Amino acid sequence: MRLILLGPPGAGKGTQAKVLTEKHGIPQLSTGDMLRAAVAAGSEVGKRAKAVMDSGGLVSDEIVNQIVSERIDQADCANGFILDGYPRTVPQAEALSGMLRQKGLRLDGVVNLKVDEEALVRRMESRVRETIAAGGKVRADDNPESFKKRLEEYREKTAPLADYYRGTGELRSVDGMADMKAVTAEIERVLETA
Ligand code: AMP
């Protein structure tokens with residue numbers, strides 16, 4: 001199964017991706033996780049990405065397209081993958097389409113998690129509280145200012161992807177405000193009826 005999860009920051013893409021990867025035995029490809037790993041490793045990509053990530057802006061298409069293309073070529077992606085946080089712009093979606101064509105692969109669907117944006121800030125705040133309570137490390141961009149910027153970037157650059165994938169006939173919308181298990185079940189339902 002090759003799937004894209006679309007939706008604003010805090011919509012639950014990461015959570016759903018984790019559940020689906022365990023069920024289907026395929027990896028979650030989170031460009032955010034890959035970029036955070038590059039920052040932590042202090043690599044060239046990490047150095048170029050850090051400041052823009054911390055502020056809530058978007059890293060260049062060129063960087064993310066390349067890391068995704070290389071990741072898809074790895075052996076664990078042979079049976080599929082779930083893209084979480086990529087593509088995030090129409091040019092990225094076009095680049096993805098080109099790279100999949102080149103690799104002889106096709107998508108099974110694009111799931112759009114629809115959420116009430118006001119609830120997202122509350123979700124972000126409770127995620128921060130839970131992380132702190134569990135003794136974990138809070139993301140540098142999980143603060144109200146960066147989160148607002150991430151939402152703005154989403155509205156301006158990522159939300160148009162819903163129209164893009166509606167146009168290709170691949171878009172499936174799911175209510176992302178339902179409880180976690182219900183959202184997973186709904187994602188599987190819309191993919192079966194695709
Ligand atoms: P995420 O974990 O998906 O919320 O991503 C965290 C941050 O990484 C974003 O706010 C961006 O700065 C950067 N990022 C992740 N994925 C992408 C992408 N596909 N395009 C550009 N920037 C990205």
Side-chain angles (χ1 to χ4, degrees), residues 1-9 11-39 43-46 48-49 52-53 57-115 150 153-174 176 183-184 186-194:
M1 178 167 74
R2 288 180 215 92
L3 183 68
I4 296 177
L5 287 178
L6 273 186
K13 298 187 295 296
T15 309
Q16 290 301 328
K18 283 199 178 72
V19 177
L20 291 165
T21 56
E22 276 168 28
K23 269 185 122 163
H24 297 273
I26 51 176
Q28 166 194 14
L29 308 191
S30 156
T31 40
D33 285 351
M34 293 184 231
L35 289 166
R36 280 185 287 277
V39 170
S43 70
E44 208 42 55
V45 163
R48 285 168 67 190
V52 58
M53 287 176 73
L58 289 186
V59 174
S60 78
D61 290 343
E62 177 215 333
I63 291 183
V64 288
N65 290 338
Q66 178 153 2
I67 59 175
V68 170
S69 177
E70 287 171 2
R71 183 66 186 85
I72 287 177
D73 290 339
Q74 290 177 17
D76 62 336
C77 291
N79 292 327
F81 47 79
I82 298 177
L83 286 168
D84 156 21
Y86 177 90
R88 243 184 175 87
T89 64
V90 171
Q92 287 180 19
E94 289 165 345
L96 175 65
S97 156
M99 77 179 81
L100 290 178
R101 201 176 318 117
Q102 233 178 17
K103 296 176 199 292
L105 304 173
R106 62 166 204 88
L107 286 176
D108 293 291
V110 179
V111 171
N112 192 23
L113 292 176
K114 302 193 71 142
V115 289
R150 283 158 66 199
E153 291 281 61
Y154 168 78
R155 285 191 200 111
E156 191 186 324
K157 297 176 184 157
T158 310
L161 283 181
D163 278 339
Y164 175 88
Y165 284 117
R166 201 171 284 118
T168 65
E170 291 165 293
L171 192 76
R172 310 279 175 266
S173 286
V174 163
V183 177
T184 311
E186 183 64 5
I187 292 175
E188 304 219 295
R189 194 187 67 77
V190 297
L191 289 173
E192 269 165 27
T193 54

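Predicted model, so just to flag it, every value in this text is computed and none were measured. Computed from heavy atoms alone, side chains included, the values below leave out hydrogens, waters and symmetry copies. Numbers here simply count residues along the sequence, with the first being 1.
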Any donor-acceptor pair under 3.5 Å from Gln66 side chain to Glu62 backbone
no
A quick test of your reading: do over 12 heavy atoms of other residues, nucleotides or ligands sit less than 6.0 Å from CZ of Arg48?
no
Glu170 vs Thr168, side chain to side chain donor-acceptor pair (under 3.5 Å): CA-CA, chis, key distance, verdict
CA-CA 6 Å; Glu170 291 165 293; Thr168 65; 2.6 Å; yes
Would Ile4 and Leu96 count as a side-chain contact (heavy atoms from CB on, under 4.5 Å) here? Give the steps.
CA-CA 11 Å; Ile4 296 177; Leu96 175 65; 3.6 Å; yes
Side chains of Ile187 and Leu113: does their closest heavy-atom pair fall under 4.5 Å?
yes
Between Leu5 and Asn112, is there a side-chain heavy-atom distance shorter than 4.5 Å?
no
Under a 4.5 Å cut-off applied to non-hydrogen side-chain atoms, are Tyr165 and Pro87 in contact?
yes
Considering only heavy atoms from C-beta outward, does the side chain of Pro27 approach that of Ile82 to under 4.5 Å?
no
Gln74: partners by side-chain hydrogen bond (donor to acceptor under 3.5 Å, both in side chains), with sequence neighbours left out
Arg71
Report the C-alpha separation of Arg101 and Arg106 in whole Å, then their side-chain angles, then the decisive distance to 0.1 Å, and conclude whether the side-chain contact (heavy atoms from CB on, under 4.5 Å) test is met.
CA-CA 7 Å; Arg101 201 176 318 117; Arg106 62 166 204 88; over 6 Å; no
Distance in Å, Leu6 CG paired with Lys114 NZ, rounded so as to fall on 0.5 Å steps:
11.0 Å
Output for pair (Phe81 CZ, Leu29 CG), nearest 0.5 Å, gives 6.5 Å
Gap between atom NZ of Lys23 and atom CE of Met1 - 0.5 Å precision
9.5 Å
Compute whether any side-chain donor of one residue and acceptor of the other, for Tyr86 and Asn65, lie under 3.5 angstrom apart.
yes
Could you tell me whether a side-chain N or O of Lys13 sits under 3.5 Å from a main-chain N or O of Gly85, the two making a donor and an acceptor?
no
Not counting sequence neighbours, which residues clear side-chain hydrogen bond (donor to acceptor under 3.5 Å, both in side chains) with Thr31? List them please.
none
Under 4.0 Å between a side-chain nitrogen and a carboxylate oxygen: does that hold for Glu192 and Arg189?
no
Where do Ala162 and Leu171 come nearest, in terms of heavy atoms and distance?
O-CD2, 3.5 Å
Suppose we screen for salt bridge (charged side-chain N to carboxylate O under 4.0 Å, His left out). Which residues come up paired with Arg2, at least two apart in sequence or across chains?
none
Can you list the steps and then say if Val90 with Leu161 is a side-chain contact (heavy atoms from CB on, under 4.5 Å)?
CA-CA 6 Å; Val90 171; Leu161 283 181; 4.0 Å; yes
Is a side-chain N or O of Glu153 found less than 3.5 angstrom from the main chain of Leu58, in a donor-acceptor match?
yes
Do the side chains of Lys18 and Gln28 get nearer than 4.5 Å, heavy atoms only?
yes
Interatomic distance, CE@Met34 vs CD@Glu70, rounded to 0.5 Å, equals 10.5 Å
How far does CG of Asp76 sit from CD1 of Ile26, to the nearest 0.5 angstrom?
10.5 Å
Which residues pass the side-chain contact (heavy atoms from CB on, under 4.5 Å) test with Val52, not counting sequence neighbours?
Val59
Residue set satisfying side-chain hydrogen bond (donor to acceptor under 3.5 Å, both in side chains) with Lys103, at least two apart, ordered chain then number -> Ser69, Asp73
Close side-chain approach of Val45 and Leu35, heavy atoms under 4.5 Å:
yes
Measuring from atom OG of Ser97 to atom CD of Gln92, what distance do you get when rounded to the nearest 0.5 angstrom?
13.5 Å
If you define the side chain from C-beta out and look only at heavy atoms, does anything of Leu20 sit under 4.5 Å from Leu3?
yes
Would you check if Arg155 and Arg150 make a side-chain contact, meaning some heavy-atom pair closer than 4.5 Å?
no
Output all residues satisfying side-chain contact (heavy atoms from CB on, under 4.5 Å) with Ala159, sequence neighbours left out; order by chain, then residue number.
Tyr154
